[in-house]
Every structure is written in structure tokens, then in C-alpha cells.
Number of protein chains: 2
Amino acid sequence: MGRCENCIIRQFNSLRAMSKEELKRVSDTKTTKLVKKGETIFGEGEKLNGVFCVRDGVSKLSKLSPNGKDQIVKLATKGAVLGQRSVITEEVANLSAIAVNDMEVCFIPKDAIVDSLNSNPNFAVEVLRHIAHDLKEADDVIVNMSQKTVKQRIAEAFIYLEENFGKDNNGYLALTLSREDIANVVGTATESAIRIISDFKKLGLIKAYGKKVAIADRKALNEVAKGS
Amino acid sequence: MGRCENCIIRQFNSLRAMSKEELKRVSDTKTTKLVKKGETIFGEGEKLNGVFCVRDGVSKLSKLSPNGKDQIVKLATKGAVLGQRSVITEEVANLSAIAVNDMEVCFIPKDAIVDSLNSNPNFAVEVLRHIAHDLKEADDVIVNMSQKTVKQRIAEAFIYLEENFGKDNNGYLALTLSREDIANVVGTATESAIRIISDFKKLGLIKAYGKKVAIADRKALNEVAKGS
DNA sequence: TTGAAAACATGATATTTGTCAGTTTTTTCT
DNA sequence: AGAAAAAACTGACAAATATCATGTTTTCAA
């Protein structure tokens with residue numbers, strides 16, 4: 001099994017602030033697992049006794065509402081550490097983590113994290129920076145949700161997907177989400193999302209090849225995302 | 001001027017994890033200021049070289065959107081530390097802090113905070129816990145915004161105000177917000193908020209005495225907040 | 001490969017929410 | 001106290017969005 005010390009992924013998250021000794025400990029206690037598309041890594045309300053470091057694939061972090069609808073709060077990819085928040089506050093998970101495509105994740109038991117937090121200020125501050133950044137992003141999402149139209153939010157979502165998950169060789173978005181997932185990201189009904197995406201296609205803002213979507217007119221899409 | 005070591009407010013925030021020496025330093029460098037209702041403590045985009053500890057009064061943390069509407073992301077009261085996030089990530093403030101009523105705040109220069117973070121793991125972890133908790137709350141707000149109706153959100157807002165800011169001697173909410181502020185908290189048009197609040201009054205869910213509002217039928221209001 | 005299930009799509013319609021335009025009430029300031 | 005400003009309110013209407021019903025296409029596993 002791989003050693004954390006050599007893990008490239010680490011460079012992207014707070015684990016890079018760990019000392020050699022701490023990393024060794026993490027490496028010795030961690031386990032790696034494969035998660036198939038659609039499988040749940042952990043569910044809302046579950047008690048977590050560790051965190052999950054994403055080595056490959058994408059996970060959606062979502063919350064189920066009483067009326068049966070999911071709200072996707074965040075998409076986490078390579079380098080992200082899932083469950084950190086719950087471990088820190090010692091609460092149960094308030095979001096579910098479900099694989100959007102096949103994933104490889106490392107499970108790191110709680111103690112290795114908590115002990116380092118308490119003894120290594122560098123690590124604690126690094127984690128703090130990450131969570132503080134997440135908080136800023138969450139605040140931005142709140143503002144977007146309340147002040148932008150569904151059309152604007154969907155336009156933004158495509159731009160976000162291109163910027164954060166990149167494009168494949170043919171220029172199509174590397175991450176393919178179902179219409180339902182897109183609806184759940186922007187907080188609207190699936191039918192509404194489908195209609196707007198169809199409109200975007202007709203207007204030439206995006207193009208599709210099977211399930212794949214590509215941004216065809218970035219500038220115009222940006223216009224839609226900003227003004228009405 | 002008061003000494004932080006004796007400040008009761010401290011018990012409610014992360015400063016309680018500071019050592020005697022650290023508190024002494026904070027005490028020596030801090031300044032206290034009075035902020036009148038409506039005045040700005042700091043604005044969006046402003047570079048902060050310190051944090052503000054709320055000793056009395058309430059501040060709204062909000063973001064202005066291009067169309068001129070404010071979204072209130074959070075209400076901060078006694079014990080809250082404002083600007084912490086920006087100081088940690090070394091970014092400009094992404095929210096404005098405006099006094100909702102007369103306030104008394106202590107300004108603590110950045111260095112005292114940053115130095116303690118880097119050297120005192122207890123303090124770093126305590127701050128981490130607070131920010132992690134804020135993040136959870138922000139995620140909950142995102143879900144509420146996208147999955148509840150305006151009516152539900154306004155009902156929730158009144159319950160939130162009672163639970164977090166309490167009642168006066170006569171049972172009225174201790175914190176009085178303008179209709180516009182309520183609208184900006186739940187993310188709707190001022191007129192819509194006014195209409196719904198009028199409905200609540202007619203239905204006997206709340207009652208009003210001048211500007212003061214009281215929850216009249218807590219159970220029914222709860223029903224509205226949950227189901228539709 | 002083929003049948004069932006899931007995802008995608010579209011129309012018709014209802015509901016929710018926002019906007020505009022104005023009136024009344026309350027607050028603030030001198 | 002009285003004028004001006006701000007806040008609260010109301011109605012009419014428009015726009016955005018959700019819901020329901022149904023048909024089509026795609027995916028996937030037996």
C-alpha cells in the first residue's frame with residue numbers, strides 16, 4: 001500500500017503541514033478503499049471516527065430535506081478531506097458524501113488527526129485556513145442562492161465545473177453530472193434545470209455530445225451568469 | 001479601560017483558550033469603541049488588520065449584490081468575534097459588518113491573534129471549533145434557502161430571533177429588526193416579507209406592539225416553519 | 001439483445017415571488 | 001410641534017419557478 005509521505009495528493013490539503021513522524025503514523029493507520037459511483041461514503045447523521053482523503057474521483061456532499069429533495073452543498077475532488085468538520089466539532093455528520101463517479105479514498109482514523117491538531121500548531125492553522133476558506137465559499141453560495149435566478153445559477157454551475165474539474169481532450173467538461181444533480185446543485189426542480197439547459201443549447205451557449213457537455217460560448221455564458 | 005482577563009464576554013468565544021500572558025498582551029493592545037446603530041464596523045473588500053470582539057449590541061454581516069440588494073448572512077451578538085476569517089486567510093473581508101443597534105466592540109490587532117494561533121495549539125483548535133461550527137450553520141442556511149418557501153423561512157427567522165436573542169420583560173423579541181432586514185435575512189423582497197408578516201399577525205401566530213414583535217403561537221409557527 | 005428502469009424532455013397549468021406604483025403610518029430632526 | 005424622511009403597508013400585475021402528466025431516449029443488467 002502507498003505511503004502518505006510519497007502521496008502527491010497531500011500537497012493539496014492540510015496534511016502537508018504534518019511532520020514526518022505524524023505522516024508516518026497516518027500512513028500506518030490509514031486504509032484505502034474503492035467507492036463505486038453512487039455508493040455512499042458516509043451518511044447524514046452518521047458518527048465519523050475518522051476523515052476521508054479523496055485520492056481520485058468526485059464526491060457530492062449533500063443534505064436531504066424532509067420533502068425528499070437533495071441539496072448538493074459542495075463537490076469534492078482529488079485532495080479534499082471529507083468529514084473533517086464533524087471530527088473537529090465532535091458532532092455527527094451533517095451532510096452525506098456520495099460518489100459521483102468511481103472513487104479511491106483513504107480513511108484516516110480520528111485520533112491521528114486530533115492528536116496532531118492538539119500538538120502541532122502548524123497543522124492546526126493549516127486546517128483552520130482550509131475551513132475558513134470553505135466558510136467563505138459557503139457564504140458566497142448563500143448570497144448566490146438568494147440573489148440570482150435559476151438561469152444565472154445554472155450558467156455559473158457550468159463555468160464552475162469547467163474551472164474546477166477541467167475539460168477532456170475534446171473540450172467537454174471532465175465531470176459529467178446528471179440533470180438531476182445539476183438541479184440539486186443550484187437548488188431547483190429537475191424539470192426547470194432541463195428546460196434551461198435546453199435553452200442554453202438552442203442559444204449556442206453550450207453544446208452536447210451524448211451525456212457530455214461543453215461550453216461553446218464562454219463569454220455569452222458569463223454574461224448570463226452576471227446580468228439578467 | 002477594562003482588562004480582558006476580567007472580561008466576562010471572553011467565556012463565550014475562542015479567547016478563553018488563551019493563556020494569561022496572551023490575554024495580557026491582547027489587553028494591552030486592544031482598543032474599545034462605541035458603534036452607533038447603522039454605522040459600519042468594516043466593509044466588504046476592506047483589508048482588516050485585526051478582529052472585533054462584540055461586547056454589546058448586535059451586528060449584521062451582509063453582502064451587497066450587484067442589483068443593490070443586501071443579503072444578511074449572519075447576525076452576531078455578544079461574544080462573537082468578527083473578521084476572524086479574513087485575518088486567518090489573509091484576504092480582504094468578504095462581508096460587511098453593520099451595527100443593528102448601538103454596540104460596544106473591542107478591536108484586537110491582528111498580530112496578537114496570529115501569534116497566538118501559531119504558538120498555542122489550544123487556541124488554534126478552539127478557533128477551529130468555532131469556525132467549523134459556523135461552517136455547519138452556513139451549510140444549513142444553504143439548504144434552507146434552496147428548499148424552503150419564503151413563508152417557512154420567515155417563520156424560522158422569528159423562532160431563531162427568539163432563541164438567540166431572547167425576549168424582553170413583556171415577552172417581545174429582544175432584537176427588533178426592520179422589515180427590510182428580515183427580508184434580507186431570508187432572502188426575499190421587502191414587500192413579500194411585509195405581506196407574510198401581516199398574514200402571520202392575522203393568523204395569530206405573532207403579535208405586535210409598535211415595532212416590537214412577539215411570538216403568540218409558538219407551536220403553530222413551528223408548524224409553518226416545518227411543513228407547508 | 002432486449003426489456004425494464006432511469007434519465008431526459010416537453011407541454012399545460014398552478015403557485016410563488018417580485019416589481020411597480022402608490023398610500024398611510026411612524027420616526028427623526030429642528 | 002411640525003415638516004421631512006423613512007418605514008410600513010396595500011393592490012394590481014408580471015415574471016419566475018414548481019408541479020403534474022406524459023412521451024421519448026438512453027442506460028444497464030439478465
Side-chain angles (χ1 to χ4, degrees), chain A residues 36-39 60 65-72 98 100-102 144-157 176-203 206-213 224-225 227-228, chain B residues 36-39 60 65-71 98 100-102 144-155 157-158 176-203 206-213 224 227-228:
Chain A
K36 283 257 169 78
K37 173 178 174 174
E39 282 180 3
K60 56 181 174 183
S65 79
N67 65 46
K69 258 192 181 170
D70 245 4
Q71 172 63 33
I72 297 178
I98 298 173
V100 170
N101 46 34
D102 291 352
N144 272 347
M145 284 295 199
S146 74
Q147 305 203 324
K148 298 202 168 169
T149 64
V150 174
K151 193 184 288 183
Q152 288 178 297
R153 281 178 274 153
I154 291 184
E156 278 194 338
T176 302
L177 290 180
S178 69
R179 303 296 147 106
E180 190 181 3
D181 277 344
I182 293 176
N184 290 344
V185 166
V186 304
T188 190
T190 305
E191 296 95 323
S192 298
I194 288 173
R195 266 183 252 271
I196 290 172
I197 293 172
S198 296
D199 286 350
F200 283 180
K201 256 190 280 187
K202 280 172 201 150
L203 293 170
I206 61 173
K207 56 182 179 171
Y209 180 71
K211 275 193 78 81
K212 287 280 178 188
V213 173
V224 173
S228 191
Chain B
K36 283 258 169 76
K37 172 177 176 176
E39 282 180 2
K60 55 180 175 182
S65 79
N67 64 47
K69 257 190 181 174
D70 246 3
Q71 173 63 34
I98 298 172
V100 170
N101 45 34
D102 291 351
N144 272 347
M145 283 294 200
S146 74
Q147 305 202 324
K148 299 203 167 169
T149 64
V150 173
K151 194 184 288 187
Q152 288 178 299
R153 281 179 273 151
I154 290 185
F158 282 127
T176 302
L177 290 180
S178 69
R179 302 295 145 104
E180 189 181 4
D181 278 342
I182 294 177
N184 290 345
V185 165
V186 305
T188 190
T190 306
E191 297 94 322
S192 299
I194 288 174
R195 265 182 253 273
I196 290 171
I197 294 172
S198 295
D199 287 350
F200 284 180
K201 256 190 280 186
K202 280 172 201 150
L203 293 169
I206 61 173
K207 58 180 178 172
Y209 181 71
K211 277 195 78 82
K212 288 280 179 187
V213 172
V224 173
S228 192

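Every heavy atom of this structure was used, including side-chain atoms; hydrogens, water molecules and symmetry mates were not. Letters A, B, ... mirror the listed sequences (proteins, then strands); counts begin at 1. Every value quoted in this text rests on a predicted model; they were computed, and no experiment measured them.
- Across all strands shown, B:Lys201 has heavy atoms under 4.0 Å from sugar-phosphate atoms exclusively, and none from any base.
- If you take NZ of B:Lys69 and C1' of C:dT19, they are 9 Å apart, rounded to a whole angstrom.
- Rounded to a whole Å, the CD1 atom of B:Ile194 is 18 Å from the P atom of C:dG22.
- Judged purely by atom type and a 3.5 angstrom limit, A:Asn101 has no side-chain atom pairing as donor or acceptor with the backbone of A:Lys37.
- Within 6.0 Å of the NZ atom in B:Lys151, the count of heavy atoms belonging to other residues, nucleotides or ligands does not exceed 12.
- Closest approach of A:Ile98 to A:Gly38, counting heavy atoms only: CG2-O, 3.6 Å.
- When the shell of 6.0 Å around NZ of B:Lys212 is examined, it contains more than 12 heavy atoms from other residues, nucleotides or ligands.
- Evaluation of the side-chain hydrogen bond (donor to acceptor under 3.5 Å, both in side chains) rule for A:Gln147 yields B:Ser65 as partners, not counting sequence neighbours.
- Recorded end-axis angle for the helix from C:dT1-D:dA30 to C:dT30-D:dA1 stands at 60°, based on five pairs per end and rounded to 10 degrees.
- One atom, NZ of A:Lys202, and another, P of C:dC8, lie 16 Å apart when rounded to the nearest Å.
- Put simply, the side chain of B:Arg153 gets close to the backbone of B:Lys148: a donor and an acceptor are under 3.5 Å apart.
- The stretch residues 177-188 of chain A touches DNA chain D through A:Thr188, each having a heavy atom under 4.0 angstrom from the strand.
- One finds no side-chain N or O of A:Ser192 lying less than 4.0 angstrom from the OP1 or OP2 phosphate oxygen of D:dT17.
- Atom NZ in B:Lys212 sits about 14 Å away from atom P in D:dA8, given to the nearest Å.
- Across the protein-nucleic acid pair, A:Gln147 atom CD and C:dT17 atom P stand 16 Å apart, rounded to whole Å.
- Of all heavy-atom pairs between B:Val224 and B:Gln152, the closest is O-CG, 3.3 Å.
- Residue contacts shown for A:Thr190 are absent, as no nucleic acid heavy atom lies under 4.0 Å away.
- Residues satisfying the salt bridge (charged side-chain N to carboxylate O under 4.0 Å, His left out) criterion with B:Lys69, sequence neighbours excluded, are absent altogether.
- Distance NZ (B:Lys151) to P (D:dA18): 17 Å, rounded to an integer number of Å.
- Contact between B:Ala193 and B:Ala183 at its shortest, heavy atoms only, is CB-CB, 3.8 Å.
- With rounding to whole Å, A:Asp199 atom CG is found 14 Å from C:dG11 atom C1'.
- Looking at residues two or more places apart in sequence or on another chain, you find a side-chain hydrogen bond (donor to acceptor under 3.5 Å, both in side chains) between B:Gln71 and A:Ser146.
- Taking atom CD1 of B:Ile197 as the reference point, atom P of C:dT17 lies 14 Å away to the nearest angstrom.
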_Return a single string for nucleotides 20-30 of chain D, one symbol per nucleotide in 5' to 3' order, where B is base contact, S is sugar-phosphate-only contact and - is none, cutoff 4.0 angstrom on heavy atoms._
B------S---
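- A:Leu177 and A:Val100 get closest at one heavy-atom pair: CD2-CG1, 3.6 Å.
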